[in-house]
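Numbers here simply count residues along the sequence, with the first being 1. Heavy atoms only: backbone and side chains are in, while hydrogens, waters and symmetry mates are out.
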Amino acid sequence: MAQKKSRSKAKGKASRSRQDLLPVKAALFARKWIWRALWAPVVLVLFLVILFRFVNPPTTHTIWTEARRLDGVERVWVPLEEMSVHVPRSVVAAEDSNFCLHWGFDMAAIREALDDGGQRGASTLSQQTVKNVFLWQGRSWLRKALEAAITPVVELAWPKRRILEVYLNVAEMDEGVFGAEAAAQSYFGVSARELDATRAARIAAVLPNPKQRNAAKPTPWLKKRATSIADGAATIAFDGRAACFED
């Protein structure tokens with residue numbers, strides 16, 4: 001009888017012990033899946049960064065949303081070597097003249113923007129490419145933080161030429177018109193390979209406000225801006241600041 005009571009007590013203690021462990025096991029299980037959930041986006045972004053080093057992004061959040069809003073967009077992907085040399089030179093001159101010199105962030109431009117009270121942007125082409133390909137438009141601290149985290153990864157994984165090639169194929173250059181090839185056809189009825197310095201500079205001049213500017217019907221301000229860009233494009237070609245994306 002005593003042995004039965006002893007075994008019964010032992011079973012009771014074991015049962016209580018297992019019950020006591022249940023919350024601990026549940027907490028460990030939950031922590032494991034929380035960590036997996038937190039790391040999943042990081043792994044996904046790293047995978048996409050490596051993938052898009054070799055594979056052209058099929059779409060972006062901006063292209064997708066604009067296609068829904070406008071019931072379709074214009075977009076034709078062409079490699080950098082099939083564009084006129086004036087296209088990348090003009091866009092770099094317009095948006096990020098030190099593109100070949102920085103590692104994703106132009107610290108001098110950031111300091112100038114801060115001194116100016118934040119009235120002008122200081123985003124590099126690398127940052128803009130990250131925003132266009134991996135993130136969304138609009139101003140928010142979350143997007144800027146993600147952009148700042150992903151940009152150095154892209155700079156490490158992609159050569160400068162690839163960064164510029166992707167940008168020139170995903171950036172909006174007219175309402176619902178994405179990429180230099182579609183923009184050249186839409187504005188001037190020619191391919192990106194046929195753009196001369198003036199037309200390439202006018203397309204670059206619509207950035208970063210393509211919905212409000214028109215390269216085919218430039219205002220006096222846009223013409224002046226395009227002339228300045230064309231001069232800058234010639235300068236970076238002469239002083240070597242185009243070397244990282246030209247053969």
Side-chain angles (χ1 to χ4, degrees), residues 56-78 80 82-97 99 109 113 119-140 143-144 147 163-233 245:
N56 298 330
T59 189
T60 68
H61 181 269
T62 304
I63 293 173
W64 179 73
T65 54
E66 285 296 276
R68 293 186 64 190
R69 185 177 72 87
L70 300 171
D71 196 26
V73 296
E74 296 177 43
R75 183 192 182 205
V76 182
W77 187 287
V78 293
L80 198 60
E82 292 183 15
M83 299 180 192
S84 161
V85 294
H86 301 297
V87 175
R89 288 177 187 173
S90 295
V91 170
V92 169
E95 294 291 291
D96 185 5
S97 60
F99 175 66
Q119 296 301 308
R120 59 178 179 175
S123 292
T124 63
L125 283 173
S126 303
Q127 290 174 270
Q128 293 181 51
T129 302
V130 166
K131 177 183 68 176
N132 285 330
V133 175
F134 300 101
L135 303 171
W136 61 93
Q137 303 296 321
R139 295 177 178 273
S140 73
R143 186 190 64 72
K144 293 298 292 184
E147 179 185 297
I163 294 172
L164 187 56
E165 179 180 67
V166 171
Y167 177 84
L168 289 171
N169 279 284
V170 301
E172 189 173 21
M173 299 184 177
D174 191 6
E175 186 170 26
V177 178
F178 292 85
E181 179 68 20
Q185 294 178 16
S186 176
Y187 283 128
F188 305 116
V190 299
S191 69
R193 186 192 293 273
E194 299 172 280
L195 288 172
D196 58 16
T198 299
R199 288 178 169 180
R202 286 186 179 181
I203 290 177
V206 306
L207 302 170
N209 193 9
K211 288 183 172 62
Q212 302 298 323
R213 302 173 186 173
N214 191 316
K217 299 176 182 178
T219 62
W221 178 89
L222 192 68
K223 287 182 179 180
K224 184 177 179 180
R225 170 68 174 153
T227 299
S228 176
I229 290 171
D231 290 342
F245 58 84

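The existence of a salt bridge linking Lys211 and Glu172 is confirmed by a sub-4.0 Å separation between a basic side-chain nitrogen and an acidic carboxylate oxygen.
Scored by the salt bridge (Lys or Arg N to Asp or Glu O under 4.0 Å) test, Arg89 finds Glu246 as partners (sequence neighbours excluded).
Between the side chain of Arg143 and the backbone N or O of Leu135, no donor-acceptor pair lies under 3.5 Å. In this structure, Arg199 contributes its side chain and Ala184 its backbone to no donor-acceptor pair below 3.5 Å. In this structure a side-chain-to-backbone donor-acceptor pair under 3.5 Å is missing from Ser90 to Val87. Between the Asp96 side chain and the Ser123 main chain, no donor and acceptor come within less than 3.5 Å of each other. A donor-acceptor pair is defined here as one N or O able to donate and one able to accept, closer than 3.5 Å; such a pair exists between the side chain of Gln127 and the backbone of Thr124. Not a single donor-acceptor pair under 3.5 Å links the side chain of Asp174 to the backbone N or O of Val177. Panel note: side chain Tyr167, backbone Val91; no donor-acceptor pair is recorded below 3.5 Å.
For the pair Val166 and Trp77, the minimum side-chain heavy-atom distance is below 4.5 Å. Contact annotation: the side chain of Lys131 never approaches that of Val170 to less than 4.5 Å [non-hydrogen atoms, C-beta and beyond]. The shortest distance between side-chain heavy atoms of Arg202 and Tyr187 does not fall below 4.5 Å.
The two residues Asn169 and Arg75 have their closest heavy-atom pair at O-NE, 3.5 Å. When all heavy atoms are compared, the tightest approach of Ala93 to Ala233 is CB-N, 3.5 Å. In plain terms, the two heavy atoms of Met173 and Ile203 that are nearest each other are SD-CG2, 3.8 Å.
Between the CG atom of Leu164 and the CG atom of Leu125 there is a distance of 6.5 Å, given to the nearest 0.5 Å.
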Run the numbers on Thr65 and Arg68 for side-chain contact (heavy atoms from CB on, under 4.5 Å), then give the verdict.
CA-CA 5 Å; Thr65 54; Arg68 293 186 64 190; 5.8 Å; no

Tell me, with the steps shown, if Thr129 and Glu165 meet side-chain contact (heavy atoms from CB on, under 4.5 Å).
CA-CA 10 Å; Thr129 302; Glu165 179 180 67; over 6 Å; no

Would you check, one step at a time, whether the test side-chain contact (heavy atoms from CB on, under 4.5 Å) holds for Asn132 with Gln137?
CA-CA 7 Å; Asn132 285 330; Gln137 303 296 321; 2.9 Å; yes

Steps toward side-chain contact (heavy atoms from CB on, under 4.5 Å) verdict (Phe99, Ser126)
CA-CA 8 Å; Phe99 175 66; Ser126 303; 3.8 Å; yes

Side chains of residues 219-230: which donor-acceptor pairs under 3.5 Å do they make with residues two or more places apart or in other chains?
| unit_1 | atom_1 | unit_2 | atom_2 | d |
| --- | --- | --- | --- | --- |
| Thr219 | OG1 | Leu222 | N | 3.1 |
| Arg225 | NH2 | Ala94 | O | 3.2 |
| Thr227 | OG1 | Lys223 | O | 3.0 |

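Identified under the salt bridge (Lys or Arg N to Asp or Glu O under 4.0 Å) test for residues 175-192, with sequence neighbours left out: Arg69-Glu175.
Within 6.0 Å of CG on Asn209 lie more than 12 heavy atoms contributed by other residues, nucleotides or ligands.
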